[in-house]
Structures are given as C-alpha cells and as structure tokens.
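In listed order, ligands and their atoms are each counted from 1.
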Amino acid sequence: MRKKIVAGNWKMNLKFEEALQLAIDLNGWIADNQPEAEVIIAPSSIYLPTLLENVDEQFLKISAQDLSAHEKGAYTGDISAEQLDSIGLDFSLIGHSERRTYQHEDAEVLEQKMKQAFAHQIYPIFCFGENLEQRENNTHFEVVESQLLDVLAKQDKELLNKLILAYEPVWAIGTGKTASPEQAQEMHVYVREVLDKNFGAEIANSTPILYGGSVNAENAENLFSQNDIDGGLVGSASLQLDQFTQIIMAAQ
Ligand code: 13P
C-alpha cells in the first residue's frame, strides 16, 4: 500500500506572519487529528528556516518550491540543493509548470535539478502535465511520457525509489477546471505503465503519484478515491486552513 500524501504549494503567497501562523495552525491540527496522509507544505524559500523551527516534522513536512540546477558558485538568486539540505530540508518541487512557463525550464535543466536533489538527500516532487492544446490534440500521453523519461531516464536508477510524482495538467491549474477523477486516474495508470516499462514493477508500484490542478474540499474525495491517485498537490486551497484540512481528511 502506498502512503497518501497531501502537499500544499503556497507559490508566491502569504506575508511572513501569515505563513508562520498558517504553518503553526496546520501543525497543531495534524497533531490533534492524526490524519492518515503525510502532509507537506511548500512555502516561499525565505520562510523555510523559520517554518522548519516552528513545526514538528513528525506532523508537518516542509518542501522548497524549487532548487538550482547547479552545485554552487556564481548563480545569483539561486538556492542550491546543498544549501537546502544544510538547513534540514528534505523535499523540493521540481519542474512545476509555472517554472517551465515563466522561467523556461526545459528537460535539460530539470534533469540537473533532479540530480542535485538526489545528490543532497532531497526528495524530488517532480511535476509534469500537458497543456490544453496537447490534451485537445490527443497528444497528452506522449507529452507526459517524454516529460517523464527526458528527466528520469538520466537519473541513477537506484535513487528513483525516492521519487514523488505530481501530475498537474496545465489546463487545470488555477482555472477552477479540475480533471475528472477518470481523466486523472487514466493518466496515473499510464504513468505507472511508463515507469514499469522503463524502471521495473517495484518503482511503478511504489512511486506516489499525486494529482494537482484545482483540487478543493469538494472534489478531493472523488479524486483521491481512485486507485492510482495517491493524494494531491494543492495550490490556492492550501492557503486556507479549513479547506486544506478537509482535503487532507479526504486522503484516506
Ligand atoms: P491550484 O490548486 O491553485 O489549481 O494549483 C495547483 C498547483 O499548481 C499546485 O502545484
């Protein structure tokens, strides 16, 4: 049985006091309610050290939203995997569609980012997914397959058991337009087939695959009840304690 994971991607939201309060409240709620799902939040990187100090990682885990493709050196503004590891961080999103779009991150950069994460004991939460045009042209399966293989096939196979995947169809992110549970399940099954063919049954069966894109308190249960959906990567609904906790409870 794969563990359920519910991750909140806070993106570029919340001022410091708001972020700290939300993390403390969420940590307290998890301690009191002991949900089955593992809960991770990804706040802005400037808040990471304070949040790590103010939550108990037994209840609430903290992730970065991104890390550098480079090991160290003259890369102004970048934060390396080694630096994240040095503050005790264990997770990072990699390849979120907003970074692919606005920072033009391509497969080559993402391959390096994942190598950096693995080299410094950071679990990558690797995001992928087709855009609307690709879905309408019926190329979504091949797009997803190459997004996965372009990056994963270049990694040390021994480390792939640390991978977390997040299928986030771009047309469902921030649009209020969720993939139906059937559409998401169909893609997650396909992803497991790709993993099976390329990396073997053990990786295919054990890798958590989260769904992301307009997950909310109303649709979470239907999505998470699908066999191959192991939880969610939640954007805007993770900024509200009552919404996010309902989503966490839906992942049983
Ligand atoms: P929304 O839940 O706001 O659609 O965002 C999804 C997302 O991009 C999570 O990484």
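- Comparing heavy-atom distances from atom 3 (O) of ligand 1 across G212, S238, S236, A7 singles out S236 as nearest.
- A donor and an acceptor atom, one from each side chain of E130 and Y167, are located under 3.5 Å apart.
- If you look at A172 next to ligand 1, the close heavy atoms, those under 4.0 Å, all belong to the backbone.
- Taking only non-hydrogen atoms, the option from E98, K11, H96 nearest to atom 10 (O) of ligand 1 is H96.
- Remark: Q34 CD is packed, more than 12 non-hydrogen atoms of other residues, nucleotides or ligands lying under 6.0 Å away.
- Nearest protein neighbour of atom 2 (O) of ligand 1, counting heavy atoms only, is G235 N, 2.9 Å.
- In Y123, the OH atom is not crowded: 12 or fewer heavy atoms of neighbouring residues, nucleotides or ligands sit closer than 6.0 Å.
- At a heavy-atom cutoff of 4.0 Å, ligand 1 is contacted by both the backbone and the side chain of L233.
- The shortest heavy-atom distance from A237 to ligand 1 is not under 4.0 Å.
- A salt bridge links D230 with R2: the distance from a Lys NZ or Arg NE/NH1/NH2 to an Asp or Glu carboxylate oxygen falls below 4.0 Å.
- In this structure, the protein non-hydrogen atom closest to atom 7 (C) of ligand 1 is E168 OE2, 3.2 Å.
- Interface of S214 with ligand 1, defined as ligand atoms under 4.0 Å from a residue heavy atom, comprises 1 (P), 2 (O), 4 (O).
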### Message
Working note: E168 + H96, criterion side-chain contact (heavy atoms from CB on, under 4.5 Å); need CA distance, chi angles, decisive distance, verdict.
### Response
CA-CA 8 Å; E168 298 205 303; H96 192 280; 3.1 Å; yes

